[in-house]
Amino acid sequence: MNLENLLNPLVKETLSKNYSVEITDAQLQFQKTRKDFEGDITLVVFPLVKMVKKSPEQTANEIGALLVAEIEMIEGYNAVQGFLNLILKNDYWLGILNQITKNQTFGIVTEKTSQVMVEFSSPNTNKPLHLGHLRNNFLGHSVARILDAAGKNVIKTQIINDRGIHICKSMLAWQKFGKGETPASSGMKGDKLVGKYYVEFDKVLKSQTQQVLIAWQKGEFEVEEKTKLEYQKLATLLAEKEDEKAKKGIEEKIQKLANNATPILQEAKAMLVAWEAKDPETVALWSTMNGWVYDGFATTYASLELDFDHLYYESDTYLTGKDLVEEGIRKGVFYKKDDGSVWIDLTAEGMDEKLVLRSDGTAVYITQDIGTAQQRMMDYPALNGIVYTVGNEQDHHFKVLFIILEKLGYSWAKNCYHLSYGMVDLPSGKMKSREGTVVDADDLVAEVVEKAKEMTEERGHIDGMSDDEKLELYHTIGLGGLKYYLLKVDPSKRMLFKPEESVELNGNTGPFIQYVHARISSLLRKSGDFEPKNVELTCAMEPIEREIIKKLSEYSDVVQEAAHEFSPALIANYAFELGKLYNNFWQSVSIFKEEDVTIKEMRLQLSANVAKVIKSSMYLLGIKVPERM
RNA sequence: GGCUGCAUAGUUCAAUGGAUAGAAUAGAAGUUUCCUAAACUUUUGAUCCAGGUUCGAUUCCUGGUGCGGCUACCA
């Protein structure tokens with residue numbers, strides 16, 4: 001029970017009685033008391049001014065006096081402008097502290113009410129994970145834990161994009177230039193090896209595109225008439241335009257046209273068709289190379305401390321998607337064009353037409369998404385919604401997907417939610433694989449762990465730890481810092497990744513919070529006979545202790561709000577604020593030197609509860625907290 | 001061009017329509033006979049522009065400026 005809910009009926013009753021009017025919830029606005037004022041909670045009196053028929057300040061004073069007289073737990077008040085700051089009795093807060101002490105799972109809803117699926121990561125199998133995937137992974141994994149803490153039965157999943165033109169590109173390049181290279185023969189991590197051939201493909205594609213363009217400029221066309229005419233049209237247009245921006249757009253279209261006309265891309269496309277036709281040789285190569293990638297991913301996920309409950313593979317679901325498209329044609333949701341391609345008309349929804357099946361009959365991205373959603377609902381009949389953790393460049397895609405699902409007649413479509421997050425930018429700008437500015441996930445983790453090692457050794461707090469324990473600690477600190485850095489920002493916003501700040505240990509960082517936990521652990525170890533028990537309600541308290549209990553009491557609400565907003569950032573901010581308050585307390589109040597046993601006991605309880613809530617909140621972020629550091 | 005998102009201290013981020021717009025970092029000045037100084041204290045410094053709604057706007061609405069994203073038979 002939070003303070004606002006507790007006070008609401010009491011205040012309502014008091015006011016109704018004294019002013020003979022019904023008070024609505026809209027009129028009763030509570031908010032947190034700002035820290036420059038004394039008080040535990042603040043009533044905004046502007047909505048009540050008309051009722052009392054006095055100035056805001058006079059209204060506040062009048063109501064304040066009334067509440068102190070009639071509500072037991074309120075000890076005093078002060079009125080500043082239209083704000084009535086209420087001060088509660090010490091024993092209220094000590095009672096809260098005792099409740100928190102008793103509750104081992106404080107803030108967490110343990111009874112599960114409904115089932116929800118959270119999808120995150122979902123990489124392509126043609127290249128290794130990078131920084132962008134890290135934000136996705138940490139976000140999705142954390143949101144899964146937050147929803148679980150808020151009372152949902154959560155299934156963590158991902159859709160592995162294991163088929164499609166992208167993996168064919170790597171396969172083709174390996175076939176052409178690989179000379180049989182394997183992870184075993186080269187000592188390379190599987191995902192890195194496959195990624196290498198994807199880059200290789202891109203290089204060849206680029207050079208062939210140039211050749212095609214040169215040929216076209218000379219008037220040599222070895223392509224379909226349609227392409228030739230299209231090119232000539234664009235070339236004429238380009239010559240006419242003056243505007244730089246318009247020119248660039250046309251140039252891009254020409255590039256794309258030439259791209260499509262290259263022999264190597266034609267080969268890759270043929271390979272995709274062969275794969276969909278289940279050509280044995282193609283399928284064998286496909287499964288070998290995907291196997292390499294999965295081994296590589298497994299290593300990365302393990303080091304990131306991430307896990308999934310159920311994996312879906314696009315190769316298993318895209319056919320369901322194709323079937324559903326057929327069904328949709330019969331239902332009149334989709335229509336077929338003359339060339340055989342299948343579309344949906346979304347102009348009524350203010351959008352364009354959208355392709356759902358290519359003219360060659362192969363599936364596109366959204367085809368399998370339709371199939372996967374259907375498959376999931378069949379696998380988990382009790383499922384009450386799917387959360388898709390995917391970057392905001394796909395906002396449009398998910399809008400379309402959800403409309404399609406609805407049009408296909410699925411009632412659960414309205415429970416699908418796109419957890420859209422902003423891109424991660426580097427100080428140098430956008431990450432671009434073509435320009436080699438992509439930050440590799442494995443490299444980044446190695447870097448932050450190494451940095452944590454250096455910093456920890458410098459401090460020398462861990463003498464006597466075994467080598468294994470030390471390695472684990474460095475990993476906990478480094479990875480914790482990285483996760484916190486990526487999670488503390490509002491997910492929906494674009495963020496800037498500054499490498500030197502991601503390994504920082506001071507300020508608003510993961511290690512700062514971990515340090516609070518390590519200190520309290522040390523304290524509790526030294527206190528020896530400490531065990532949780534009730535604090536006497538008559539115990540004296542410092543203002544900072546009151547602040548900490550107040551902050552602790554907010555944890556449940558923060559968890560609920562984070563679940564509602566799908567925002568780990570709220571948890572991160574909360575944990576940091578709690579840690580900061582505790583550090584302030586630590587600095588100004590002594591525990592072991594305290595002679596009053598009751599006070600000493602209260603301070604230990606307080607410390608133990610701070611450690612408990614920090615551990616719990618960091619768990620929701622997927623971050624471990626050490627006993628020593 | 002169309003659709004869409006964002007704009008807050010030097011920098012990176014906060015702020016259910018409410019008080020004197022908070023933190024962190026960078027800058028300046030301090031704190032260690034005491035439970036872990038990866039800490040703490042003090043201090044300098046900001047709402048893109050112009051209107052509108054409101055008792056009250058960083059927040060809502062309109063227009064402008066700047067920066068992203070989408071606008072693929074890519075995913």
Side-chain angles (χ1 to χ4, degrees), chain A residues 29 31 33-37 42 44 46-47 49-50 56 80-83 85 122-124 126 161 164-166 245-246 249 253 256 260 269 314 337 339-343 350-352 355-360 362 364-366 368-369 390-397 399 420 422-423 425 427 430 452 455-456 458-462 477 485 488-490 492-498 501 504-509 511-516 518-527 561 569-570 573 576-577 579-580 582-594 603-604 607 628-629:
Chain A
Q29 290 179 19
Q31 63 181 4
T33 303
R34 297 180 68 121
K35 70 174 180 187
D36 341 315
F37 301 95
T42 296
V44 182
F46 293 107
V49 166
K50 279 179 189 156
V80 182
Q81 299 175 33
F83 299 90
N85 303 317
S122 305
N124 288 344
N126 62 334
N161 298 300
I165 192 74
H166 54 87
K245 230 177 150 183
K253 280 186 183 167
K256 206 157 78 188
N260 276 326
K269 283 180 174 178
E314 191 182 324
K337 285 193 179 175
D339 61 4
S341 58
V342 181
W343 298 72
M351 287 179 273
D352 290 341
L355 178 96
V356 293
L357 211 58
R358 290 194 190 97
S359 54
D360 63 7
T362 56
V364 287
Y365 184 49
I366 204 160
Q368 62 83 20
D369 265 337
V390 183
N392 66 6
E393 78 274 20
Q394 293 193 38
D395 283 356
H396 183 72
H397 171 83
K399 234 160 125 184
S420 165
M423 297 289 97
D425 289 330
K430 267 199 82 169
M455 302 303 276
T456 306
E458 231 172 68
R459 307 262 177 331
H461 289 163
I462 55 165
I477 297 172
Y485 183 82
K488 71 177 174 184
V489 182
D490 180 344
S492 69
K493 295 199 176 150
R494 232 165 103 198
M495 68 174 291
L496 187 66
F497 182 86
K498 288 190 167 180
E501 281 185 9
E504 187 56 59
L505 309 174
N506 306 320
N508 187 357
T509 66
F512 173 97
I513 300 167
Q514 289 173 322
Y515 183 62
V516 176
R519 269 173 150 188
I520 297 176
S521 302
S522 165
L523 180 77
L524 296 179
R525 276 196 302 274
K526 287 191 177 159
S527 77
E561 200 187 341
L570 298 177
N573 289 339
F576 176 59
E577 283 163 14
K580 224 171 21 163
Y582 188 81
N583 277 342
N584 183 319
F585 161 80
W586 176 285
Q587 203 73 22
S588 55
V589 176
S590 173
I591 295 174
F592 291 149
K593 281 195 164 177
E594 178 57 52
R603 288 181 182 160
L604 284 171
S607 302
R628 294 176 63 187
M629 69 185 276

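Worth saying up front: this structure is predicted, and the values here are computed from it rather than measured.
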I'd like a list of close polar pairs between nucleotides 31-35 of chain B and the protein, N/O only, cut-off under 3.5 Å.
unit_1: C35(B); atom_1: O3'; unit_2: Lys526(A); atom_2: NZ; d: 3.3
unit_1: C35(B); atom_1: O2; unit_2: Phe592(A); atom_2: N; d: 3.3
unit_1: C35(B); atom_1: N3; unit_2: Ile591(A); atom_2: N; d: 3.2
unit_1: C35(B); atom_1: N4; unit_2: Trp586(A); atom_2: O; d: 2.9
unit_1: C35(B); atom_1: N4; unit_2: Val589(A); atom_2: O; d: 2.4

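- Applying the 4.0 Å criterion to OP1 and OP2 of U36(B), one finds that Arg628(A) has every side-chain N and O outside that range.
- Between Arg358(A) and A72(B) there is no side-chain N or O to OP1 or OP2 distance below 4.0 Å.
- Side chain of Thr33(A), nearest nucleotide from C40(B), A19(B), U36(B): A19(B).
- Side-chain proximity of Gln81(A) to the nucleotides A38(B), A19(B), A23(B) is greatest for A19(B).
- Not a single side-chain hydrogen bond (donor to acceptor under 3.5 Å, both in side chains) links Asn573(A) to another residue, sequence neighbours left out.
- When distances are taken from the side chain of Ile165(A) to each of C13(B), C74(B), G22(B), the shortest belongs to C74(B).
- Residue Lys256(A) has its side chain nearest to A72(B) when only A72(B), A19(B), C55(B) are considered.
- Under the rule for a side-chain hydrogen bond (donor to acceptor under 3.5 Å, both in side chains), the partners of Ser492(A) that lie at least two apart in sequence or sit in another chain are Asp490(A).
- With distances taken from any side-chain atom of Lys580(A) to the nucleotides A38(B), A24(B), G69(B), the minimum falls on A24(B).
- Ranking C40(B), G69(B), A19(B) by closeness to the Phe512(A) side chain, first place goes to C40(B).
- The shortest distance between the side-chain N/O atoms of His396(A) and the OP1/OP2 oxygens of C3(B) is not below 4.0 Å.
- Checked by distance alone, Thr509(A) brings no side-chain donor or acceptor within 3.5 Å of a matching partner on the base of A38(B).
- Stems are defined here as 3 or more consecutive Watson-Crick or G-U wobble pairs with pairing distances under 3.5 Å; those involving RNA chain B are B:1-7 with B:65-71, B:10-13 with B:22-25, B:27-31 with B:39-43, B:48-52 with B:60-64.
- Ranking A37(B), C70(B), A23(B) by closeness to the Phe576(A) side chain, first place goes to A23(B).
- For Tyr515(A), whose side chain is taken as the heavy atoms from C-beta onward, the closest listed nucleotide among C73(B), U16(B), A39(B) is A39(B).
- Listed nucleotides C73(B), U36(B), U20(B) differ in distance to Phe37(A); the shortest reach to its side chain belongs to U20(B).
- Between His397(A) atom NE2 and C74(B) atom P there is a gap of 14 Å when expressed in whole angstrom units.
- Residues forming a side-chain contact (heavy atoms from CB on, under 4.5 Å) with Lys269(A) (at least two apart in sequence, or on another chain): Ile165(A), Asn260(A), Leu265(A).
- Ring-to-base geometry places Phe46(A) in a stacked arrangement with G18(B) (centre distance under 5.5 Å, plane angle under 30°).
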Collect all protein-nucleotide pairs involving nucleotides 6-11 of chain B in which both atoms are nitrogen or oxygen and the distance is under 3.5 Å.
unit_1: U11(B); atom_1: O2'; unit_2: Lys498(A); atom_2: NZ; d: 2.7

